[in-house]
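Take a look at the structure set out below.
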Amino acid sequence: MLRLLDSFTRRKVDFVPSEPGKVGMYLCGPTVQNSPHVGHGRSAIAFDIVRRYLTWSGFEVRFVRNVTDIDDKIIVRARECGEEVGAFASRYADEYNSAMAALGVRPPDVEPRVTGHIPEIVALIERLVARGVAYAASGDVYYSVDSFAAYGRLSGQSIDDLRAGARVELGELKQNPLDFALWKAAKPGEPSWSSPWGPGRPGWHIECSAMALAHLGETFDLHVGGKDLAFPHHENEIAQSVGALGEGTFARHWMHNGFVNFNDEKMSKSIGNVFLIRDLLERFDGETLRFFLLGTHYRSPISFEVFEQDGRAVFPGLDEADRRLEYFYGTLARLDAFLGEKREVSPGPVTAGADRLDPAVRAAMDDDFNTAVAVAELGEAARAANKLLDDPAGVPKDVRRRSLARLAHDLRETAVGALGLLGRPPREFLHARRARLAAARGIVEADVAERLTEREAARRAREFARADELRDALRAQGIEIMDTSAGPDWRIADA
RNA sequence: GGUGCCGUAGCCAAGCUGGUAAGGCAGAGGUCUGCAAAACCUCCAUUCACCGGUUCAACUCCGGUCGGCACCUCCA
């Protein structure tokens, strides 16, 4: 039974979708006004995992992730760039999607855009006005938080608490400083759509209500997003949706992911400690970033440590993740080499531990998507595989082969199904990694191959002194030679 | 001021509907190897910021203290 921590009730609950076997899920996607940073990646990956695991568990998931392609900042930024708003937003939406693809995030089933849902938004606002929970003022429309008794429940605050801390100056149009805009009257030169209140555009929160309702219906199972969206964004979404449709509508459960912190402080554009995904991708494989992020539970803050060494940024966590991924893919490569073409798992007994990965990963994921434990289980399985590969003593041949086939199969199956990891041919990852590290150190791969051949000749002639000399020379460059039964191979030594 | 989160070995990080500390990195020793590397094996927290309380039993529950972070304004 899958259990998840519902951030609305702050309790772990059994997850039972309203319609058996089917799940409707909404994630607040990006406001496309800038290049995506690690925090965007974490959120996208965290919920990609939720979606993947639900799907892998047999649910039919309808996953909606919107693109907010019109808002104040987009207008300002587009103007700064001298670009037309629509083209500007599209450009960043494309960048977002390609960055997420590099992180192994699968595209949503539906990717609605705000500008494609103006009629739905206007209709929802009209409904709120008709119900008396929203009011028009000089071409704007505001939501009256006082009309919604449950306002603040998601974020655990009362209207009074919020009002006390509100830093917003009381705009004369708002009846309560906490009231928020559903519709904003157009200022000269801004993109606008016609509405019963005159030309304008949607406020920040209404679009998610409208698009979620449009694509998932009046009630759906999961609404997810970053912790920072809980207030006011998600709070307002609830107010709008329940305000328009009544009690018991909208999201049944809420999930929020934690932040990525930089040296223990939240990444923030104003502090200037934001790490762009595209910059990190120049140095690390997208899968490495994903692996690193999955090492921490989605609700916990991730400390993204960075320090400078020899004038160059060093990311210890990413380096470690990269090395670990090399281990996993290396294990898969060994398994593939052993199994050859016959990789199917035959029925019959396997060694102790060779069949525990699948249930262990499911148990971990069933407990509020504990990816850290799932990854640890992957490690246990890889170790068991390597051990059996290294030391066949005492294990009947057929049992050994079957166990290794099972391990190879489950390693991939669970890693891909639950975590979106280890889905590539091992050689591809291994060679890409080596090439990347080699390039960073100015090592020419062809030169290494040449020296390796030279050393092999020396070894064959049993001129070990000469062979060792060549190896030491390569090691001085940070290259490690690995003599295997299939001939010499090499890797970049760990820093 | 209001609200919420966090503090587990040198570092990263699970566990927290109570029953006696997963995993990874680093480190030490070992197996394998012509020598190595990789891989594998063994060791590495009598203790979970601190102080009280509840309990037969607390890292896990309650109260308090200290320290850190976040939200209340745009933010994944």
Can you check whether [X] and [Y] have ring centres sitting under 6.0 Å from each other?
{"X": "Phe275(A)", "Y": "His37(A)", "value": "no"}
{"X": "Tyr142(A)", "Y": "Phe180(A)", "value": "no"}
{"X": "His256(A)", "Y": "His234(A)", "value": "yes"}

Looking at [N], I'd like to know if its phosphate oxygens (OP1 or OP2) sit under 4.0 Å from a side-chain N or O belonging to [X].
{"X": "Ser300(A)", "N": "A14(B)", "answer": "yes"}
{"X": "Asn261(A)", "N": "A70(B)", "answer": "no"}
{"X": "Arg383(A)", "N": "G23(B)", "answer": "no"}
{"X": "Asn386(A)", "N": "C40(B)", "answer": "yes"}
{"X": "Tyr327(A)", "N": "G23(B)", "answer": "no"}
{"X": "Ser303(A)", "N": "C69(B)", "answer": "no"}

### Message
By nearest heavy atom, map Ala384(A) and Glu480(A) onto RNA chain B; which one lands nearer the 5' end?
### Response
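Per heavy-atom nearest nucleotide, the more 5' residue is Glu480(A).
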### Message
Please compare Arg3(A) and Ser158(A) by the position of their nearest nucleotide in RNA chain B and report the one closer to 5'.
### Response
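The residue whose closest nucleotide sits nearer the 5' end is Ser158(A).
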Base of [N] paired with side chain of [X] (donor-acceptor, under 3.5 Å):
{"X": "Arg459(A)", "N": "G34(B)", "value": "yes"}
{"X": "Asp72(A)", "N": "C74(B)", "value": "no"}
{"X": "Arg460(A)", "N": "G34(B)", "value": "no"}
{"X": "Asp468(A)", "N": "G34(B)", "value": "yes"}

[atom1] atom, [N] versus [M]: distance in rounded Å?
{"N": "A45(B)", "M": "U20(B)", "atom1": "C1'", "result": "14 Å"}
{"N": "C44(B)", "M": "G29(B)", "atom1": "P", "result": "16 Å"}
{"N": "C12(B)", "M": "G4(B)", "atom1": "P", "result": "28 Å"}
{"N": "U3(B)", "M": "U8(B)", "atom1": "C1'", "result": "26 Å"}
{"N": "U31(B)", "M": "G18(B)", "atom1": "P", "result": "47 Å"}
{"N": "C41(B)", "M": "C32(B)", "atom1": "C1'", "result": "11 Å"}
{"N": "G67(B)", "M": "C74(B)", "atom1": "C1'", "result": "29 Å"}

Rounded to the nearest angstrom, tell me the gap between atom [atom1] in [X] and atom [atom2] in [N].
{"X": "Glu463(A)", "N": "G34(B)", "atom1": "CD", "atom2": "P", "result": "17 Å"}
{"X": "Asp160(A)", "N": "U3(B)", "atom1": "CG", "atom2": "P", "result": "12 Å"}
{"X": "Leu162(A)", "N": "U73(B)", "atom1": "CG", "atom2": "C1'", "result": "13 Å"}
{"X": "Arg42(A)", "N": "A70(B)", "atom1": "CZ", "atom2": "C1'", "result": "13 Å"}
{"X": "Arg462(A)", "N": "U33(B)", "atom1": "CZ", "atom2": "P", "result": "13 Å"}
{"X": "Asp494(A)", "N": "G27(B)", "atom1": "CG", "atom2": "P", "result": "10 Å"}
{"X": "Asp228(A)", "N": "U3(B)", "atom1": "CG", "atom2": "P", "result": "21 Å"}
{"X": "Asp489(A)", "N": "U33(B)", "atom1": "CG", "atom2": "P", "result": "20 Å"}

Among [options], which nucleotide has an atom closest to any side-chain atom of [X]?
{"X": "Asp161(A)", "options": "A39(B), G2(B), A76(B)", "value": "G2(B)"}
{"X": "Lys73(A)", "options": "C74(B), A70(B), C41(B)", "value": "C74(B)"}
{"X": "Phe231(A)", "options": "C71(B), G2(B), G23(B)", "value": "C71(B)"}
{"X": "Met482(A)", "options": "A37(B), A14(B), A76(B)", "value": "A37(B)"}
{"X": "Ala376(A)", "options": "A22(B), G2(B), C35(B)", "value": "A22(B)"}
{"X": "His37(A)", "options": "G4(B), A38(B), A76(B)", "value": "A76(B)"}

### Query
With a distance cut-off below 6.0 Å to the six-membered ring centre and an angular limit of 45° from the axis, does Arg434(A) pair with Trp490(A) as a cation-pi contact?
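The answer is yes; both the distance and angle limits are met.
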Could you tell me which nucleotide pairs with [N] by Watson-Crick or G-U wobble geometry, both distances under 3.5 Å, or answer none if nothing does?
{"N": "A14(B)", "result": "none"}
{"N": "A21(B)", "result": "none"}
{"N": "G1(B)", "result": "C72(B)"}
{"N": "G52(B)", "result": "C62(B)"}
{"N": "U33(B)", "result": "none"}
{"N": "A45(B)", "result": "none"}

Less than 4.0 angstrom from a charged side-chain N to a carboxylate O is my criterion; do [X] and [Y] meet it?
{"X": "Lys387(A)", "Y": "Asp390(A)", "answer": "no"}
{"X": "Asp358(A)", "Y": "Arg362(A)", "answer": "yes"}
{"X": "Arg3(A)", "Y": "Asp368(A)", "answer": "no"}

### Message
Heavy atoms only, 4.0 Å cut-off, all strands: where does Arg455(A) land among base, sugar-phosphate and nothing?
### Response
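Here Arg455(A) touches the bases of the nucleic acid.
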### Task
Describe the nucleic acid contact of His256(A) in one word from base, sugar-phosphate, nothing, applying a heavy-atom distance below 4.0 Å.
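Here His256(A) touches no strand at all.
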### Query
So which of Val361(A), Leu293(A), Leu419(A) actually passes side chain to side chain contact (heavy atoms under 4.5 Å, CB included) with Thr371(A)?
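Checked Val361(A), Leu293(A), Leu419(A) against Thr371(A); only one passes side chain to side chain contact (heavy atoms under 4.5 Å, CB included): Leu419(A).
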